[in-house]
Amino acid sequence: MIIHSETLDLQTTTEQDLAFVLAIEQSELNRAYIGQWSKEEHITAIHDPDILHLTI
């Protein structure tokens, strides 16, 4: 966990989080505001030392 407060949790994304991440991205309510990546793109980003992939 990078940040934890009463109103916000910010953590490094793991592969175990991807079902949640993909569901949030693909939700009709969020689609216009969140970029759409494939599972493979997320996995690549998670393992890239130059990218900090976070889940809020």
Side-chain angles (χ1 to χ4, degrees):
M1 184 80 54
I2 294 175
I3 295 174
H4 173 73
S5 72
E6 290 182 27
T7 57
L8 177 71
D9 286 332
L10 183 64
Q11 61 188 23
T12 304
T13 308
T14 66
E15 287 190 42
Q16 290 75 26
D17 299 322
L18 289 182
F20 169 77
V21 170
L22 291 167
I24 294 298
E25 281 185 356
Q26 296 167 3
S27 165
E28 180 109 11
L29 297 172
N30 296 325
R31 227 177 276 171
Y33 308 105
I34 299 175
Q36 304 293 302
W37 276 7
S38 68
K39 183 175 182 178
E40 293 74 24
E41 288 174 302
H42 283 288
I43 290 170
T44 298
I46 288 169
H47 294 288
D48 186 328
D50 294 324
I51 296 175
L52 182 58
H53 194 295
L54 300 173
T55 303
I56 298 174

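Counting begins at 1 with the first residue of the sequence.
- For the pair Gln36 (side chain) and Ile34 (backbone), a donor-acceptor distance under 3.5 Å is present.
- Under a 3.5 Å cut-off, the side chain of Asp17 and the backbone N or O of Thr14 do form a donor-acceptor pair.
- If you check the side chains of Gln11 and His4, you find no donor sitting under 3.5 Å from an acceptor.
- At a threshold of 4.5 Å between non-hydrogen side-chain atoms, the residues Ile2 and Leu54 count as touching.
- Atom CD1 in Ile46 sits 9.5 Å away from atom NZ in Lys39 (nearest 0.5 Å).
- Looking at Glu25, its side chain does come within 3.5 Å of a backbone N or O of Trp37 through a donor-acceptor pair.
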Worked check of side chain to side chain contact (heavy atoms under 4.5 Å, CB included) between Thr13 and Val21: CA-CA 9 Å; Thr13 308; Val21 170; 4.2 Å; yes
Full working for side chain to side chain contact (heavy atoms under 4.5 Å, CB included) between His47 and His53: CA-CA 9 Å; His47 294 288; His53 194 295; over 6 Å; no
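- The line from CG of Leu18 to OG1 of Thr55 is 8.0 Å long, rounded to the nearest 0.5 Å.
- The CG atom of Leu10 sits 6.0 Å away from atom CG of Leu8, with the distance rounded to the nearest 0.5 Å.
- No donor-acceptor pair closer than 3.5 Å links the side chain of Ser27 to the backbone N or O of Ala23.
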